[in-house]
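Beneath this line is the structure, given in structure tokens, with notes to follow.
Quantities reported herein were computed from a predicted structural model and do not represent experimental measurements.
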Amino acid sequence: MDRPELPQARRGTARASKPWRKAATGAAIALGLVVAAPLSAQAAAPAACSALQEKYPDWKGKTLVNAINPHTPGYETIDPKDPSKYIGFDIDLGEAIGECLGFKLTYKPVTFAALLTTLAAGQADIVISDIYATKERAKAADFITYSKVFDGVLVAKGNPKGINGINMSMCGTAAAENTGYVEVPLIQALIPECKKAGKAEPTIQLYDNNANCIQAILAGRADTYINDVNTVDSAVKAYPDKLEKAIAVTIPYSVGIAVPRDKPKFRDAVLAALIEVQKAGTHMELLKKHGLDVNNFKEPDILTAD
């Protein structure tokens, strides 16, 4: 059964209220994993951000809405200790960008397929929710990219169907995927190839969130789920006796922050703030804090439909 969307009233802030100050020290104390960023970098960030707030004053003191699909462990999920709040890398990264530009964030939880339509309808100001930036999606929003993409192929323990990528090994198998995910057309493209080879075509089951896709494999309804490798690794960690990662694959996309196409000044402001977040070492510290692969890190750029 699909999990219902959370009511809009369930908006919250991340546990880390001051990402600039706490990304290194808080994570190091709590997890013992993070090496503090150089003091010079930490000291430089607030000064640079003050200049950005003067350059982009329109958002200082404002409260903006971030549309999220809060079902991706490590990136954005409901805080198990406080259901009124959200936690994860994207939550903390958004808070850091907001602090740099002087705005606060509230959250609007929606299905993944509704992220960009919510933004386009003016019901959200920004989307920071592990969404892959593609030329097709750029028709609906501008993107500031910030993370490389590595997908994992999740299968039942022992990989009984022998799936080894988005390739002919998927002929005759059932894939569970999220509605609107870029993996869906990649799998659909295999259908004519499988038919040409005289093999059964792959089928796709569409769900609204990661948890339901994973449950489909656990229940034996689906054979595989292909998504961000960190999400797949998290599922394997949660069900080590039932699931495994068959392989990691690369796909030609980056994760991006989506902003309205008609607000280029806001897009440029977010880009500038993200650059300062990275210069301060905060981005890398947050990857470590949330147990994500530091190889996901990338310097930001802009993707538009133009």
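- Salt bridge Glu276/Lys279: present, at least one basic N to carboxylate O contact under 4.0 Å.
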Mind listing the side-chain donor-acceptor pairs of residues 55-69 below 3.5 Å, one per line with the distance, residues two or more places apart or on another chain?
{"unit_1": "Lys62", "atom_1": "NZ", "unit_2": "Asp58", "atom_2": "O", "d": "2.9"}
{"unit_1": "Asn66", "atom_1": "OD1", "unit_2": "Ile128", "atom_2": "N", "d": "2.9"}
{"unit_1": "Asn69", "atom_1": "ND2", "unit_2": "Val110", "atom_2": "O", "d": "2.9"}

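- Listed here is the closest heavy atom pair of Ala176 and Tyr207: CB-CE1, 3.8 Å.
- Going from atom CG of Asp301 over to atom OG of Ser254 covers 6.5 Å, rounded to the nearest 0.5 Å.
- Closest approach of Ile217 and Thr224 over heavy atoms only: CD1-C, 3.5 Å.
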Evaluate the criterion side chain to side chain contact (heavy atoms under 4.5 Å, CB included) for residue pair Asp79 and Tyr86; output intermediate values, then yes/no.
CA-CA 5 Å; Asp79 187 344; Tyr86 300 103; over 6 Å; no
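- Grouping Ile, Leu, Val, Met, Phe, Trp and Tyr residues whose side-chain heavy atoms lie under 4.5 Å apart, directly or via other members, places Phe150 in a hydrophobic cluster with Val229.
- Applying the ring pair (Phe, Tyr, Trp, His ring centres under 6.0 Å) rule to Tyr132 yields no partners; only residues at least two apart in sequence or on another chain are considered.
- Taking 4.5 Å as the limit, some side-chain heavy atom of Leu271 sits within range of a side-chain heavy atom of Ile275.
- Here the closest non-hydrogen pair linking Pro202 and Ile187 is CG-O, 4.0 Å.
- Taking the centre of each ring, Phe89 and His283 come in below the 6.0 Å mark.
- Judged purely by atom type and a 3.5 angstrom limit, Glu201 has no side-chain atom pairing as donor or acceptor with the backbone of Cys171.
- Atom CD of Gln188 is separated from atom CD of Glu177 by 10.5 Å, given to the nearest 0.5 angstrom.
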Between Arg267 and Phe143, is the side chain to side chain contact (heavy atoms under 4.5 Å, CB included) condition met? List the steps.
CA-CA 8 Å; Arg267 178 198 66 201; Phe143 286 91; over 6 Å; no
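- For the pair Asp90/Tyr146, a side-chain contact is recorded, criterion being any heavy-atom separation below 4.5 Å from C-beta on.
- At a threshold of 4.5 Å between non-hydrogen side-chain atoms, the residues Leu303 and Arg137 do not count as touching.
- Atom CG of Asp92 is separated from atom CD of Glu76 by 11.0 Å, given to the nearest 0.5 angstrom.
- Contact check for Leu105 versus Ile126: side-chain heavy atoms found under the 4.5 Å cut-off.
- A pairwise comparison of heavy atoms in Gly165 and Val153 identifies CA-CG2, 4.2 Å as the closest pair.
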Stepwise, does the salt bridge (Lys or Arg N to Asp or Glu O under 4.0 Å) test hold for Asp125 with Lys108?
CA-CA 10 Å; Asp125 302 290; Lys108 183 176 179 63; over 6 Å; no
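- A single hydrophobic cluster is not seen to contain both Leu206 and Ile191; linkage of ILVMFWY side chains at heavy-atom distances under 4.5 Å, directly or through other members, places them apart.
- Just one of Leu154, Asn178, Asp208 meets the side chain to side chain contact (heavy atoms under 4.5 Å, CB included) condition when paired with Cys213; it is Asn178.
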Please lay out, stage by stage, how Ile251 and Glu183 fare under the test side chain to side chain contact (heavy atoms under 4.5 Å, CB included).
CA-CA 9 Å; Ile251 56 177; Glu183 289 83 2; 4.0 Å; yes
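- Looking at heavy atoms from C-beta onward, Ile257 lies out of side-chain contact with Val127 at the 4.5 angstrom threshold.
- In the hydrophobic cluster analysis, where Ile, Leu, Val, Met, Phe, Trp and Tyr join through side-chain heavy atoms closer than 4.5 angstrom, Leu52 is grouped together with Phe103.
- Rounded to the nearest 0.5 angstrom, Met284 CE and Phe297 CZ are separated by 5.0 Å.
- Thr77 places no side-chain N or O within 3.5 Å of a backbone atom of Pro73 that could act as its donor or acceptor partner.
- Distance alone, capped at 3.5 Å, is enough to place a donor-acceptor pair between the Gln53 side chain and the Cys100 backbone.
- Within the 4.5 Å cutoff, no side-chain heavy atoms of Lys289 are placed close to those of Thr282.
- Looking at Pro252 and Val149, their side chains never come closer than 4.5 Å, going by heavy atoms from C-beta outward.
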Donor-acceptor list for residues 230-249 side chains, cut-off 3.5 Å, not counting sequence neighbours:
{"unit_1": "Asn230", "atom_1": "OD1", "unit_2": "Asp293", "atom_2": "N", "d": "3.4"}
{"unit_1": "Asn230", "atom_1": "ND2", "unit_2": "Tyr75", "atom_2": "OH", "d": "2.8"}
{"unit_1": "Asn230", "atom_1": "ND2", "unit_2": "Asp228", "atom_2": "OD1", "d": "3.4"}
{"unit_1": "Asp233", "atom_1": "OD1", "unit_2": "Lys245", "atom_2": "NZ", "d": "3.0"}
{"unit_1": "Glu244", "atom_1": "OE1", "unit_2": "Gly158", "atom_2": "N", "d": "2.6"}

Step-by-step side chain to side chain contact (heavy atoms under 4.5 Å, CB included) determination, Ile131 to Leu116
CA-CA 10 Å; Ile131 183 171; Leu116 295 184; 3.9 Å; yes
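- Phe266 pairs with exactly one of Val270, Asp262, Asp268 by the side chain to side chain contact (heavy atoms under 4.5 Å, CB included) rule, that one being Val270.
- Considering every non-hydrogen atom in both Met170 and Ile163, the closest pair reads CG-CG2, 4.0 Å.
- Summarising the hydrophobic clusters (Ile, Leu, Val, Met, Phe, Trp, Tyr; side-chain heavy atoms under 4.5 Å, direct or chained), the residues clustered with Met168 are none.
- The closest donor-acceptor contact from the side chain of Asn296 to the backbone of Ser147 lies at 3.5 Å or more, if one exists at all.
- Between the side chains of Lys298 and Thr145, a donor-acceptor pair is found at a separation under 3.5 Å.
- Among residues two or more places apart in sequence or in another chain, the salt bridge (Lys or Arg N to Asp or Glu O under 4.0 Å) test is passed with Lys135 by none.
- Contact between Lys148 and Val255 at its shortest, heavy atoms only, is O-CG2, 4.4 Å.
- You'll find the side chain of Gln278 reaches within 4.5 Å of the side chain of Pro300, heavy atoms only.
- For the side chain to side chain contact (heavy atoms under 4.5 Å, CB included) with Leu186, the qualifying choice from Ile226, Ile166, Asn167 is Ile166, the only one to do so.
- Here the side chain of Asn209 pairs no donor or acceptor atom with the backbone of His71 at under 3.5 angstrom.
- A side-chain N or O of Thr72 and one of Asn210 form a donor-acceptor pair less than 3.5 Å apart.
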